[in-house]
Amino acid sequence: MEWVLASQSPRRRELLSRLGVPFRIQVAHTDEVSLATLPEEVAQDLSRQKALAVREQEPDALIIAADTIVVLDGEVLNKPVDREENRGFLSRLQGREHQVMTGVTISTPESVFSGVEITRVKFRELTQQEIDWYVRSGEGLDKAGGYGIQELGALLIEGIHGDYFNVVGLPLVRLLMVSRAAGVPLLGEHV
Ligand SMILES: Cc1cn([C@H]2C[C@H](O)[C@@H](COP(=O)(O)OP(=O)(O)OP(=O)(O)O)O2)c(=O)[nH]c1=O
């Protein structure tokens, strides 16, 4: 059984590869705009949109899509548009706890299933110099909330509660659960 990963994210590609699941990549454009109100619904909705966009091209494929958002006090922080916004995000995140939510969707020829995973991430208190150093690295610009836990961003974080892989962009256990619910278990096991 071959899967289609509807993502251009190198992190997602790498995490899925680690499971030994055979897949290819196909991406279709979406606006990444959701009308949902709750952040956890937004994350699921956006992952669903990504999956459905690829489903239009390949209705018979088994498709995996995901969307990661950072939520601070109920407000969604997307990818920063520039370094200034990245600096602003980090100033707000420092010394505090926020939530990282990744919605995952699996589309099969019969139906579409979604789920969401939430991880709490606590930033340590950062000096202005530390924030400037991180922003200068440019690492946070293509990432939700403006940081990446898996690279230099590791140095900004005090601790996490929940699934680490969720923060990186693909909650592996949640994905397994959704694949089972969809009747196409990721590990090929019989359910
Ligand atoms: C918080 C955080 C986010 N991220 C990344 C995961 C996602 O790739 C990105 C959020 O943007 P997404 O819109 O979820 O994904 P994407 O645009 O990178 O890829 P695609 O839509 O093609 O699947 O932020 C990290 O890599 N590390 C982190 O610590």
Side-chain angles (χ1 to χ4, degrees), residues 5-16 27-51 53 65-105 114-172 174-175:
L5 177 62
S7 172
Q8 61 199 358
S9 159
R11 281 83 53 169
R12 296 199 174 112
R13 188 180 321 163
E14 149 120 42
L15 286 173
L16 195 58
V27 188
H29 176 75
T30 61
D31 292 338
E32 297 221 15
V33 176
S34 171
L35 297 176
T37 10
L38 290 176
E40 43 270 61
E41 287 171 358
V42 170
Q44 288 189 81
D45 184 24
L46 294 176
S47 72
R48 197 181 171 89
Q49 288 181 25
K50 290 177 188 180
D67 193 87
T68 302
I69 58 174
V70 163
V71 183
L72 181 68
D73 296 331
E75 187 189 331
V76 176
L77 308 184
N78 288 310
K79 297 175 189 174
V81 292
D82 55 22
R83 279 165 203 252
E84 199 182 323
E85 188 169 54
N86 199 355
R87 197 171 285 113
F89 280 2
L90 297 177
S91 305
R92 291 177 63 189
L93 292 169
Q94 66 91 22
R96 308 199 45 209
E97 185 180 279
H98 65 272
Q99 296 170 304
V100 178
M101 303 185 184
T102 300
V104 289
T105 293
S114 299
V116 64
E117 185 69 28
I118 302 178
T119 303
R120 303 203 314 258
V121 179
K122 169 94 196 286
F123 263 50
R124 61 185 184 80
E125 286 179 14
L126 303 173
T127 62
Q128 199 54 54
Q129 285 92 329
E130 286 176 321
I131 291 176
D132 287 344
W133 163 80
Y134 188 74
V135 169
R136 264 202 313 276
S137 77
E139 182 183 284
L141 288 171
D142 66 338
K143 300 184 177 73
Y147 74 93
I149 195 172
Q150 67 275 29
E151 297 168 70
L152 296 176
L155 299 173
L156 312 178
I157 286 157
E158 195 171 292
I160 74 167
H161 191 272
D163 183 353
Y164 169 81
F165 303 109
N166 184 43
V167 185
V168 184
L170 195 64
L172 299 178
R174 177 67 54 198
L175 182 64

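Just so it is clear, the structure is predicted and the values come from calculations on it, not from any experiment. Positions are given from 1, in the same order as the sequence printed here. No hydrogens, no waters, no symmetry mates; every other heavy atom, side chains included, goes into these values.
- With contacts defined as side-chain heavy-atom distances shorter than 4.5 Å, the pair Val81/Leu141 does not qualify.
- When all heavy atoms are compared, the tightest approach of Ser137 to Leu152 is CB-CD1, 3.7 Å.
- Inter-residue side-chain proximity for Leu156 and Leu126 is flagged as met; some heavy-atom pair is nearer than 4.5 Å.
- Among Val71, Ile118, Val116, the single residue meeting the side-chain contact (heavy atoms from CB on, under 4.5 Å) criterion with Pro39 is Val71.
- The CG atom of Asp132 sits 8.0 Å away from atom OG1 of Thr127, with the distance rounded to the nearest 0.5 Å.
- Here Glu75 pairs with Leu77, Arg92 under the side-chain contact (heavy atoms from CB on, under 4.5 Å) rule; sequence neighbours left out.
- A donor-acceptor distance shorter than 3.5 angstrom exists from the side chain of Gln49 to the backbone of Val33, with no hydrogens or angles considered.
- When atom types are taken as modelled, the side chain of Ser47 and the backbone of Ala66 share no donor-acceptor pair closer than 3.5 angstrom.
- With sequence neighbours excluded, no residue satisfies side chain to side chain donor-acceptor pair (under 3.5 Å) with Gln44.
- The ring-ring contact (aromatic ring centres under 6.0 Å, His included) pairs that include a residue from residues 70-96 number zero, where partners must be two or more places apart or lie in different chains.
- The stretch residues 135-154 participates, sequence neighbours left out, in these salt bridge (Lys or Arg N to Asp or Glu O under 4.0 Å) pairs: Arg11-Asp142, Lys143-Glu151.
- Partners of Arg124 by side chain to side chain donor-acceptor pair (under 3.5 Å), not counting sequence neighbours, listed by chain and number: Glu130.
- In terms of heavy-atom proximity, Glu125 sits nearest to Gln94 at CA-OE1, 3.3 Å.
- Counting heavy atoms from C-beta on, the side chains of Arg174 and Asp163 never come closer than 4.5 Å.
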Could you walk me through whether Arg48 and Ser34 satisfy the side chain to side chain donor-acceptor pair (under 3.5 Å) test, starting with their C-alpha distance in whole Å, then the side-chain angles of each, then the deciding distance to 0.1 Å, before giving a yes or no? CA-CA 10 Å; Arg48 197 181 171 89; Ser34 171; over 6 Å; no

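- No donor-acceptor pair under 3.5 Å is formed between the side chain of Asp67 and the backbone N or O of Gly103.
- Side-chain contact between Thr102 and Leu170: absent, with no pair of heavy atoms (C-beta onward) separated by less than 4.5 Å.
- Of all heavy-atom pairs between Gly146 and Asn86, the closest is O-OD1, 3.0 Å.
- For the pair Ile157/Val121, a side-chain contact is recorded, criterion being any heavy-atom separation below 4.5 Å from C-beta on.
- Residues Thr68 and Lys79 form no side-chain contact, since every pair of their non-hydrogen atoms from C-beta on lies 4.5 Å or further apart.
- Each ring-ring contact (aromatic ring centres under 6.0 Å, His included) pair with one or both residues in residues 118-143, not counting sequence neighbours, appears once here: His98-Phe123, Phe123-Tyr147.
- Between Leu93 and Gly145, the shortest heavy-atom contact is CD1-O, 3.6 Å.
- Using a 4.5 Å cut-off on side-chain heavy atoms (C-beta onward), Ser7 and Val27 make no contact.
- Panel note: side chain Glu14, backbone Pro10; no donor-acceptor pair is recorded below 3.5 Å.
- Here the CG-CG distance, from Leu172 to Asn166, works out to 9.5 Å after rounding to the nearest 0.5 Å.
- Between Asp73 and Arg96 there is a salt bridge, with a side-chain nitrogen of the basic residue lying less than 4.0 Å from a carboxylate oxygen of the acidic one.
- Ala51 and Thr105 get closest at one heavy-atom pair: CB-CG2, 3.6 Å.
- Looking at Val76 and Val70, their side chains never come closer than 4.5 Å, going by heavy atoms from C-beta outward.
- Among all heavy-atom pairs drawn from Ala6 and Ala65, the shortest one is CB-CB, 4.1 Å.
- Test Glu40, Glu41, Glu117 against Met101 for side-chain contact (heavy atoms from CB on, under 4.5 Å) and you get one pass: Glu40.
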